[in-house]
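Below, chain A is the first sequence line, B the second, and so on; all start at residue 1.
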Protein chains: 2
Amino acid sequence: MENKRPTIKDIAKIAGVSHTTVYRALNNKPRISKETRKRILGIANRLKYQPNVLARGLIIKKTKTLGLIITTIRNPFYSELAQVIEETARNLGYSLILGCTNYDLNIEREHINILKGKGVDGIIFTSAHVKDPNLEELKKEEFPFVLLNRRCTGCSELSKIPQVLIDNEMGGFLAVEHLIRIGHTRIGIIAGSEESSVTLERIEGAKKAFKHYGLFFDDSLITKGNFLMPSGKIGLKDLMDSSSPPTAIFALNDYMAIGVMEEAHNLGLRVPEDLAVVGFNNIEFASFYNVSLTTIGQKKKEMGEEATKILVNMVEGKTEKSGIKKFTPNLIIRNSCGYSLKGYKLKKI
Amino acid sequence: MENKRPTIKDIAKIAGVSHTTVYRALNNKPRISKETRKRILGIANRLKYQPNVLARGLIIKKTKTLGLIITTIRNPFYSELAQVIEETARNLGYSLILGCTNYDLNIEREHINILKGKGVDGIIFTSAHVKDPNLEELKKEEFPFVLLNRRCTGCSELSKIPQVLIDNEMGGFLAVEHLIRIGHTRIGIIAGSEESSVTLERIEGAKKAFKHYGLFFDDSLITKGNFLMPSGKIGLKDLMDSSSPPTAIFALNDYMAIGVMEEAHNLGLRVPEDLAVVGFNNIEFASFYNVSLTTIGQKKKEMGEEATKILVNMVEGKTEKSGIKKFTPNLIIRNSCGYSLKGYKLKKI
DNA sequence: CCATTTTGCGTTAACGTTAACACTACAAAA
DNA sequence: TTTTGTAGTGTTAACGTTAACGCAAAATGG
């Protein structure tokens, strides 16, 4: 039984023409008569011909495959992003190779090498380190990639890389402003990994909010996390152990915010009565009534689409070699800050 | 500036040997002297040589790439699975192309064709349709694939396909048994998509529990869902609209169970006081105190690993061409059924 | 010490495409 | 009629590997 998939040459043999003629028929190239084309396409259909992307890729150096590098797909923020990226990529004719790094630059590097070896046309990098030698190298090689929800301030050259992001600083500002306006002054911050641009910018925004409202910003109220759920727990514990603990928490993403709420429960703290919590990202679970997390929303769908489209454009040589697309975040008020409870009211500004 | 990645021939030129010699050096083949090998490896390292997987794949028909077909990565159950699959695949030297189908057999088919065109070595299919012509065809072509958390009872041939699953029937039994033992007799079921083997088996288990405890099983208490969160909402609404609504719900996965809890809240029903809810899968969020969903746990990590390893073994020709690996589910009791509340107590059996 | 094997290379041809270029026949232009 | 153009086709060589085979020189063995 012949299980081998048919090749151009197989079709050529059947049609009694040269493989080049078949190629012309299949790829809508000129210099072939209507009749032969039709005949060949008929045979190809019958045999269910599918081009061999490997062989093609070897020559045209394109594989219709993109890489997606994320930290961990377990974080719902990334799985939601991955979903729209896969979908838009597919609609544009591309497949997606998924690579998780666990925030490890060495694994990232490994992924990059493998992806290049497999001839991917471009890579989407999502949030991680600000300073990343891997990216600098890629940039030097003029390998196409875009940064999604991730900045690269560390490296001058990289400012020219296409970046799709939200205004994290504004997001941080909005989050803390909300807490201040409902009456909090001691606000703890659960940071993300400190090498991440996202962390830096959101904290920067938080500081601006403090300043704007004439409040003192206490550095000791920042505790280091890593964007994963457990670090929210640890972070809260640390903060509550201090001599004058915060009355509100700004967790730099929802995943950690949920950890905060978990630990609050363990510590016997009620949310929002004893502790207000605000997150960032508006993952699907944040909206559930029994989570009901006040958070900062961002247009994940639009951002994922945008990043994918930009990358595909680069790959296909359709302009847009650089530029920053910045989206605007918005505050989504739910119950975790008690905004809707009596006893709290919004300060006039 | 030469940005092109170095090839075997480039190295050969520098080393002053033939490309075959370089090949032998790089791939630990015999028939080469220790010194030349060392010299060549030195050059290769210096040039940061990375083999071109496309060219290699063209000949050896292996690409060190696997396909992972899932319905949607947004469902945390699948993102948790994807995480471990990516990780084990990477550790075994494989990359993963991710394909989401949205439960659409045509999209699945499209994915399969593309994956084959890209020369993936094998594919992991996760839960979807029982009867799937795509799989029958793959089987006929002897293309390597494994079924993860998915059965293919529809097609006789496919019983020989490696399958990694949990005992869904037992899981369904455990879930309903629990509800019965804490006193419920009218138990609504939110089914998954009806073409799914998972749905059928879990319902089968539920029915057995009814029978085992001498209870009448009311078919009208099954409502059709699709494993997505919103269908949990709709399902509950439908069930509660009936003339004699259930006092407990068995949602066939956690994602829908959360939808059920959402809708219960909207309908003014307290969980677990007015409505007990049990799910299936034990996704991470189920464990959070403010969700606290009683559910059926399965060894996702082990199953993902197992499926990946089996597939890699098949691909690499290391036996294990068929066989079913069945894992045992376990009941995880949290608060959504009120087991821990006074007023409820466990019936003796 | 000669026959045989082994070692250390090189040559050449695949793999399934794409692409440069060559050729023929026939039509249009000169 | 000769030239020029071009539609339709074929030949051949890439792409970067793997792999079959060939062939000296060195090593082994009886």
Salt-bridge present ([X], [Y]; N to O < 4.0 Å):
X: B/R39; Y: B/E35; answer: no
X: A/K140; Y: A/E136; answer: no
X: B/E108; Y: B/R150; answer: yes
X: B/E141; Y: B/K116; answer: yes

Rounded off to whole Å, could you give me the [atom1]-to-[atom2] distance for the [X] and [N] pair?
X: A/I8; N: D/dG10; atom1: CD1; atom2: P; answer: 14 Å
X: B/K29; N: D/dT17; atom1: NZ; atom2: P; answer: 15 Å
X: A/I11; N: C/dG16; atom1: CD1; atom2: C1'; answer: 12 Å
X: B/I32; N: C/dG10; atom1: CD1; atom2: C1'; answer: 12 Å
X: A/L26; N: C/dG16; atom1: CG; atom2: P; answer: 15 Å
X: B/K116; N: C/dG16; atom1: NZ; atom2: P; answer: 15 Å
X: B/N52; N: D/dA14; atom1: CG; atom2: P; answer: 18 Å
X: A/K38; N: D/dG8; atom1: NZ; atom2: C1'; answer: 18 Å

Identify every side-chain donor-acceptor pair in residues 42-49 of chain B under 3.5 Å, counting partners at least two apart or on other chains, and give the distances.
none

Task: Positions of residues 53-64 of chain B (non-hydrogen atom under 4.0 Å from DNA chain C), listed by number - done: B/L58, B/I59, B/K61
Flag side-chain contact, heavy atom, 4.5 Å: [X] against [Y]:
X: A/V164; Y: A/F327; result: yes
X: A/R24; Y: A/T36; result: no
X: B/I8; Y: B/N52; result: no

Quick one: is [N] close enough that its OP1 or OP2 comes under 4.0 Å of any side-chain N or O from [X]?
X: A/T20; N: C/dT18; value: no
X: A/N27; N: C/dT18; value: yes
X: B/Y23; N: D/dA20; value: no
X: A/T36; N: D/dT9; value: yes

Task: Pair A/Q50, B/N113: side-chain N/O donor-acceptor within cut-off below 3.5 Å - done: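 Short answer, no.
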TODO: Please work out if A/S33 contacts a base, only the sugar-phosphate, or nothing of the nucleic acid, heavy-atom cut-off 4.0 Å.
DONE: sugar-phosphate
TODO: Using a heavy-atom cut-off of under 4.0 Å over every strand shown, decide if B/S18 touches base, sugar-phosphate, or nothing.
DONE: base
- [ ] Looking only at side-chain atoms of B/T7, point me to the closest of D/dT9, C/dT17, D/dG16.
- [x]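 Nearest listed nucleotide: D/dG16.
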Task: Which residue lies more 5' along DNA chain C, comparing A/K9 with B/K34 via nearest heavy atoms - done: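 It is B/K34, whose closest nucleotide lies nearer the 5' terminus.
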TODO: Could you check whether the rings of B/Y103 and B/F227 sit parallel, tilted or perpendicular, using 30° and 60° as the cut-offs?
DONE: parallel
Tabulated below should be each protein N or O lying under 3.5 Å from an N or O of nucleotides 22-24 of chain D; please produce it.
none

Task: Check: D/dT18 base within 3.5 Å donor-acceptor of B/H19 side chain - done: yes
